[in-house]
Number of protein chains: 2
Amino acid sequence: MRPQDPELELVHLLRATVVELGLHSARFAARTGMHPTDVRALIALMDASRAGEEMTAGRLGAGLGLNSAGTTALVDRLERAGHVRRVRAAGDRRKVLVEVDERAVALGWEHFGPLIGRVVELLRVYDERELAAIRGFLEGVREAAGGED
Amino acid sequence: MRPQDPELELVHLLRATVVELGLHSARFAARTGMHPTDVRALIALMDASRAGEEMTAGRLGAGLGLNSAGTTALVDRLERAGHVRRVRAAGDRRKVLVEVDERAVALGWEHFGPLIGRVVELLRVYDERELAAIRGFLEGVREAAGGED
DNA sequence: ACAAGAATCTCGCTGAGCGAGATAATAGCC
DNA sequence: GGCTATTATCTCGCTCAGCGAGATTCTTGT
């Protein structure tokens with residue numbers, strides 16, 4: 001396989017799309033005075049909350065690729081900005097649960113809502129088989145990127 | 001539209017996939033002692049080179065969302081590591097062309113090659129209509145994420 | 001109770017990226 | 001052809017994100 005092979009067209013398109021999504025998040029970060037990592041953290045927290053899962057400081061940092069010191073600093077920043085609250089876990093009091101503030105959720109929704117709406121709109125035109133193809137492709141890429149490499 | 005709406009399933013999957021791809025790049029960065037931004041820069045440079053375009057310091061920095069000072073520092077780092085060369089543009093001698101070193105290309109290919117191979121493999125099972133759906137979706141997302149918001 | 005282990009935090013430090021302004025080269029104007 | 005405005009990059013000084021090492025607090029198994 002060589003970089004100019006035509007079968008790589010979709011790979012390049014995927015990469016370009018990921019880059020564009022990254023810049024979109026960066027604009028949100030700049031607009032709200034946050035750092036890219038803070039935005040990634042908020043997204044992870046909102047996603048966990050959506051899935052009904054509790055998020056601890058440790059798991060959050062691990063998910064973002066930070067060590068414990070960096071994680072503490074991250075949560076400090078988010079807490080100082082009023083975007084999250086620290087809550088000691090009832091069961092295991094060593095753990096710190098990080099809860100997102102409702103206003104932070106609203107802020108994120110305000111920025112990402114239009115994009116999400118446009119993507120949902122996009123999906124309208126596809127039938128079940130096409131949607132299955134898109135879903136299968138994304139899942140495949142996610143698995144291919146995860147784990148060993 | 002609310003965060004738990006079922007039509008958002010694919011949006012969440014897309015986000016999860018992007019996160020996983022980001023972590024994959026981060027592992028490459030850690031392995032080669034580079035910073036995430038350096039990796040993004042190398043990818044941008046390799047892509048421009050693949051497309052047969054010259055890349056100037058300014059356009060590189062703009063593409064990554066850096067200001068001029070940060071761009072200079074970035075190119076300094078990459079040059080010091082031997083990944084790129086600075087070349088004054090022949091036509092307009094204010095411009096600095098940034099050229100990727102062949103060994104950096106090989107290094108990147110070594111890390112991203114397996115992932116790319118797996119994605120190409122993935123695409124094998126789809127027929128033309130399904131591939132068109134995937135392509136259309138990615139292009140749509142890229143456009144939705146770009147520009148105003 | 002007590003040792004071993006787990007989750008987080010503190011401290012000191014390195015270095016990425018920013019703002020402001022300097023420098024060098026080009027382009028437009030009369 | 002010089003003179004000014006503009007463009008591209010670089011320099012300087014600074015702030016703050018994230019790291020390594022180790023301290024602290026809480027849990028669990030014996």
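Note: hydrogens, waters and symmetry copies are ignored here, and every other heavy atom, side chains too, is used. Computed from a prediction, not measured in an experiment: that's the story for all the values here. Below, read A as the first sequence line, B as the second, and so on, with proteins coming before strands; counting in each chain starts at 1.
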Subject >> Pairing residues for D101(A) by the side-chain hydrogen bond (donor to acceptor under 3.5 Å, both in side chains) criterion, not counting sequence neighbours >> reply: R85(A), R103(A)

Original post:
R124(A): what forms a side-chain hydrogen bond (donor to acceptor under 3.5 Å, both in side chains) with it, not counting sequence neighbours?
Top reply: E121(A)

**OP:** Sequence neighbours left out, what passes side-chain hydrogen bond (donor to acceptor under 3.5 Å, both in side chains) with R135(A)? Give chain and number order.
**Re:** E9(B)

Subject >> Set of ring pair (Phe, Tyr, Trp, His ring centres under 6.0 Å) partners for F112(B), sequence neighbours left out >> reply: H24(B), F28(B)

**OP:** Scan nucleotides 1-9 of chain C nucleotide by nucleotide, 5' to 3', and note B when protein non-hydrogen atoms come under 4.0 Å of the base, S if they reach only the sugar-phosphate, - if neither.
**Re:** ----BBSBB

Original post:
Which whole-number value in Å describes the distance from H35(A) NE2 to dG17(C) C1'?
Top reply: 10 Å

Subject >> Nucleotides bounding contact with chain A, strand DNA chain D, heavy-atom threshold 4.0 Å >> reply: dA17(D) to dT27(D)

Subject >> L66(B) CG to dA16(C) P, straight-line distance once rounded to whole Å >> reply: 12 Å

Subject >> N/O (side chain, R77(B)) to phosphate O (OP1/OP2, dA16(C)) under 4.0 Å >> reply: yes

Original post:
Relative to the 5' end of DNA chain D, which residue comes earlier, G70(A) or A90(A), by the nucleotide with the nearest heavy atom?
Top reply: G70(A)

**OP:** Scan for salt bridge (Lys or Arg N to Asp or Glu O under 4.0 Å) pairs involving residues 35-45 of chain B, sequence neighbours excluded, and state none if there are none.
**Re:** D38(B)-R77(B)

Subject >> Any residue meeting side chain to side chain contact (heavy atoms under 4.5 Å, CB included) with E110(B), in chain and number order, not counting sequence neighbours >> reply: none

**OP:** Return yes when atom CD of E139(B) has more than 12 non-hydrogen atoms of other residues, nucleotides or ligands closer than 6.0 Å, and no otherwise.
**Re:** yes

Original post:
Whole-Å distance between dG17(C) P and M34(B) CE?
Top reply: 12 Å

**OP:** Mind checking salt bridge (charged side-chain N to carboxylate O under 4.0 Å, His left out) for R129(B) and listing every partner two or more places apart, or none if nothing turns up?
**Re:** D127(A), E130(A)

Original post:
Which part of the nucleic acid does G61(A) contact within heavy-atom distance under 4.0 Å: base, sugar-phosphate only, or nothing?
Top reply: nothing

